[in-house]
Engineer: 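First the structure, then my questions, so here it is.
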Amino acid sequence: MAEAADFQRTSASPARRWLRRAGALLSGAPLLAGLLQLPAAAPAQAASSDSVAVSLDSLSPNAPTDGDTLTVSGTVTNNGKQTVTDAHVGLRVGPPLTTRSAIDSVARHPDDTQGSTGADVGDKYEENFEKLPPGVAEHFTISVPVDKLDLGDDGVYEFAVALSGQTSAQPWDQVLGIQRTFLPWQPSDAGTRTRTTFLWPLISTVHMTAKTGAGESQTPQFLDDDLAKDLAPGGRLARMVELGKDLDVTWVIDPDLLASVDAMAGGSYRVQGPDGTATPGSRENQALAKQWLAGLQKAVAGKEVVALPFGDPDLASLAHRGTSVTGSLSHLKDATDVAATTVKTVLLVTPTTDFAWPVNGAVDPSIMKVATSAGADRVIARSDSLQETAGLPYTPSAARPVGGGTTAVVADARLSTAFEGDLTKAGSATLAVQRFLAQSLELNNQTDKQRSIVVAPQRMPTASQAQAMATALKALQGGGTWSQSQNLTAAAKDKPDPGATTRIPSRSAYPSSLRRQELPRTAFEQIARTQDKLDRFRVVLTNQSRVVTPFGRAINREMSASWRGRSAAADGYREGVEAWVDDLADQVKLIDKSETKLSGRSATIPVTVQNNLVQPVDHLVLRLTSTQPTRLEIGGKAYLEQRVEVSGGHSQSVKFTTSANANGRVGVIAQLYTEDGRPYGEAVSFDVKVTEVTPTVMLVIGGGVLLLVLAGFRMYTQRKRAAAARQPEEDGPGTAGESADEPGNPGAPGDRLPGESDSDSGAESPEQPSDPAPDTAPENTDPSGTGERVDR
């Protein structure tokens, strides 16, 4: 669909249009006459392989005015196989280009020798080369007063540098090489000046990991040292700040970049090596970071600063692939909330956070919905996405109310893409600058109605691209031009054109080339998994910010738009963040146990919790569960829970009381839980071997003890009886004065009572061989010897 800018300007008076057409015809007359004098075969032969490359390395001033002298310099290189003779470089001015599409047409074929080349300025303003051998490059510089160019009214003129000459195969003068560009001509102050907003993006790739040191300062760890290269003199980011400080631009900043540079500048940092080890960053790089931040603080002073959500999340990927994964949108809200704080802390300015910027300004309804879900009510789109459908003969202002209180700020696609591509060569950069200025002037000349135009260039311009942008802006922002500067907020608040489209393109209209670069759904699933692990880990910490902050920012970085085109690197980064969560969570764990033996009805089982983190852990519950509670109870039931608190770098043993009901092996499971009942870490299983004391065994043991007691009592009584029997013998055979043979002595033998035997008399009778041995030996009053054995 043709853009509105393809239409010719509508405000020029009839007299002005007549003068312009007449000038175009007069300027083309000499060229027509010259073409008529050439041999018929010359145009076709000019396209032969014997061509000369012309590079226009500089053009100054880029937008000349009355009284200026135009200086052109560059190089010519003979790429053919034959020597070019009678070569000369001349300047040519073509007719004015009255539409933006006409400018595009010339820009598509800048070195086409077949097209119209315009009028030659004259022999006085050319540089001659007697010979131009194959492969030889020659430099040229030509200066010409602007009034010698015969420029008419203000507008955009085709301007060319052409090398003419002849070869042995084509012995006539012909154009062998040409470089076409544009000459914006504004001889006097413009009656109407376009309000132009130029975004100056400070965005980088992801540099910081989720890892931090164990010390109080939490030394940050970087993926690489590439950020230092960009901050060094001549580096991309260094040039962006150096060039931007002198320009009237709106700074659009990813807070992640500021946080990364600030981490590098704030003290020691470490750089991750290819083998996983980390090495300290250099003090030189630390000094570079400090210097860059100081320069940026001065550059943004008094300027508008727009803060993107932290990490510059890929809104299109989130809208197309992430919204179906629970929790994805919450990360966008978190990234938006932390953005303002980060910018204000580092740059000491208060940014605006109500702008969202999808990649390349490509939008559809789902992207608009996601972009505004975190609080932004202004979305930076681009005119090649939000195309005009009403047939306006001019490019309308950027602001478009699209419903729901949301404003689409539509950047001009032609101006926004003018500085893409390789601009390391001076010739390419010069062409980009002149094309940008030509499109800007032609846009201004479309109508006498003042409009607000926004330029949103590529997110991460190279140093050479930034230099080209700065060159163009200096020319555009010079006094007396057709443009005046305006910040982004003012452009968004500008009165919208009633004829401008407000219809958001359908989802199917989203460019397939951009869709192929989006983060896959699996990326958001992994982000959700990492967040879930982080949530389970954080609840046990006494100082959650040490973990939540670095991991929260790392998760924001996982959604960054900078991963587009780098899917392998994105996968590796996400895996690294998740693995680090796992590693930290594993620092709080149960120590493995071997088989435990229980001898007795009850015993205590210790379980050890180890904390290798630097901070204490709390809010943990240790549960010990018996797999066979009928045989082994823990705390009188199937399981018992105890709260756990462990200091950093220590272990704690938690003791559980158990009771056994049967012998044998019983499986026991120890598991940590968070206070909300979610398992934490791996369970530890071990066996308890129970050797239980049964009632039968107790009866046997009791009977044995009783027998021992009875045997001891019998021994005691027998000893007492034996002692009593020996006592009369120790006293003698009779009492004093008595004889055993005397009559009347009852103890005398022969003086027995009727029926009394010897055994009944009390007299000791001789021992017979058949008599049993006494139960005990005669009593010994000496102490017993050690280890003396007692027989039953």
Side-chain angles (χ1 to χ4, degrees), residues 201-245 251 253-301 305 310-312 338 341-349 460-464 466-467 543 545-547 549-554 556-557 560 562 569 572-573 576-577 580 583-584 614-615:
L202 277 185
I203 301 173
S204 185
T205 57
V206 173
H207 295 285
M208 291 185 67
T209 70
K211 295 184 179 181
T212 58
E216 190 67 28
S217 61
Q218 288 190 267
T219 303
Q221 184 166 311
F222 284 67
L223 287 172
D224 48 48
D225 230 356
D226 291 348
L227 181 57
K229 299 175 183 177
D230 287 343
L231 301 177
R236 185 181 73 85
L237 294 173
R239 291 294 290 159
M240 289 291 293
V241 172
E242 182 181 353
L243 295 169
K245 64 182 175 59
W251 295 79
I253 300 177
D254 176 9
D256 177 32
L257 173 60
L258 300 183
S260 299
V261 180
D262 188 57
M264 181 180 290
S268 59
Y269 72 98
R270 299 178 69 82
V271 180
Q272 181 175 291
D275 58 350
T277 59
T279 57
S282 68
R283 292 187 177 273
E284 291 78 5
N285 292 344
Q286 181 182 350
L288 285 174
K290 291 181 178 179
Q291 182 180 359
W292 187 84
L293 285 178
L296 180 58
Q297 288 176 350
K298 294 179 181 179
V300 301
V305 176
F310 193 98
D312 185 23
V338 77
T341 303
T342 303
V343 174
K344 189 172 183 178
T345 301
V346 178
L347 293 185
L348 308 179
V349 298
M460 289 184 281
T462 64
S464 58
Q467 179 63 64
N543 186 3
S545 62
R546 285 183 60 93
V547 172
T549 298
F551 273 104
R553 302 293 75 78
N556 293 148
R557 295 181 182 108
S560 174
S562 67
Y573 186 82
V577 173
W580 185 235
D583 288 345
L584 289 180
V614 297
Q615 63 170 295

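The shown structure was predicted, so the numbers you read here are calculated from the model rather than taken from an experiment. Reckoned from all heavy atoms, side chains included, excluding hydrogens, waters and symmetry mates.
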Engineer: Out of curiosity, Arg239 CZ to Thr462 OG1, how far, rounded to the nearest 0.5 Å?
Structural biologist: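 So the CZ of Arg239 and the OG1 of Thr462 are separated by 11.0 Å.
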Engineer: Determine the minimum heavy-atom distance between Gly234 and Ala463, stating which atoms define it.
Structural biologist: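 That would be O-CB, 4.0 Å.
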Engineer: Is it true that a side-chain atom of Thr345 and a backbone atom of Thr341 form a donor plus acceptor pair closer than 3.5 Å?
Structural biologist: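 Yes, because the side chain of Thr345 sits within donor-acceptor range (under 3.5 Å) of the backbone of Thr341.
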Engineer: Could you tell me if the side chain of Ser562 sits less than 4.5 Å from the side chain of Ser204, heavy atoms only?
Structural biologist: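 SC-SC contact between Ser204 and Ser562 ruled out.
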Engineer: How many angstroms lie between atom CG of Asp224 and atom NZ of Lys229, to the nearest 0.5 angstrom?
Structural biologist: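 It is 7.5 Å, given to the nearest 0.5 Å.
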Engineer: Looking at CH2 of Trp251 and CE of Met240, how far apart are the two atoms once the value is rounded to the nearest 0.5 Å?
Structural biologist: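 It comes to 7.0 Å.
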Engineer: For Ala289 and Leu231, work out which heavy atoms get closest and say how close.
Structural biologist: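 Closest approach of Ala289 to Leu231: CA-CD1, 4.0 Å.
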Engineer: Rounded to the nearest 0.5 Å, what separates atom CG in Asn556 from atom CG in Asp312?
Structural biologist: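 Answer for the CG-CG pair, Asn556 versus Asp312, is 11.5 Å.
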Engineer: What pair of heavy atoms forms the shortest contact from His207 to Leu227, and how long is it?
Structural biologist: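 In terms of heavy atoms, the two residues are closest at CE1-N, 3.7 Å.
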Engineer: In chain order, what residues pass the salt bridge (charged side-chain N to carboxylate O under 4.0 Å, His left out) check against Arg236, with sequence neighbours excluded?
Structural biologist: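 Expected list: none.
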Engineer: Kindly compute the distance separating CG (Leu237) from CG (Asp230), expressed to the nearest 0.5 Å.
Structural biologist: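 Going from CG on Leu237 over to CG on Asp230, the span is 4.5 Å.
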Engineer: Please set out all donor-acceptor pairs under 3.5 angstrom arising from side-chain atoms of residues 260-269, sequence neighbours excluded.
Structural biologist:
unit_1	atom_1	unit_2	atom_2	d
Ser260	OG	Asp256	O	2.9
Ser260	OG	Asp256	OD1	3.4
Tyr269	OH	Asp225	OD1	3.1
Tyr269	OH	Asn285	ND2	3.2

Engineer: So do Thr205 and Asp226 actually touch side chain to side chain, heavy atoms under 4.5 Å?
Structural biologist: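 When only atoms from C-beta onward are counted, Thr205 and Asp226 do not touch, as no gap falls below 4.5 Å.
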Engineer: Could you tell me the separation between the OG1 atom of Thr279 and the CD atom of Gln272, rounded to the nearest 0.5 Å?
Structural biologist: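 These two atoms lie 10.0 Å from each other.
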Engineer: Donor-acceptor pair, distance only, cut-off 3.5 Å: does the side chain of Gln221 make one with the backbone of Lys211?
Structural biologist: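 No; zero donor-acceptor contacts below 3.5 Å.
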Engineer: Taking only residues two or more places apart in sequence, or in another chain, which ones meet Thr212 in a side chain to side chain donor-acceptor pair (under 3.5 Å)?
Structural biologist: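 If we apply the side chain to side chain donor-acceptor pair (under 3.5 Å) test to Thr212, skipping adjacent residues, the hits are Gln218.
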Engineer: Of all the heavy-atom pairs spanning Leu288 and Ala228, show the shortest one and how long it is.
Structural biologist: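 Nearest heavy atoms, Leu288 then Ala228: CD1-O, 3.9 Å.
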Engineer: Looking only at non-hydrogen atoms, find the nearest pair between Ala259 and Met208 and report the distance.
Structural biologist: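 Smallest heavy-atom distance, with atoms named: O-SD, 4.2 Å.
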Engineer: Taking all non-hydrogen atoms of both residues into account, name the closest pair between Arg270 and Ala278 and its distance.
Structural biologist: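 Answer, listing the atom of Arg270 first, then Ala278: NH2-O, 2.5 Å.
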Engineer: Main chain of Val206, side chain of Arg557: is a donor-acceptor contact present, judged purely on distance under 3.5 Å?
Structural biologist: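 It does not hold such a pair.
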Engineer: State whether the side chain of Arg546 and the backbone N or O of Ala214 hold a donor-acceptor pair below 3.5 Å, judged by distance alone.
Structural biologist: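 Flag set: sc Arg546 to bb Ala214 pair under 3.5 Å.
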Engineer: Going by heavy atoms in the side chains, are Thr209 and Pro550 under 4.5 Å from each other?
Structural biologist: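 Not in contact.
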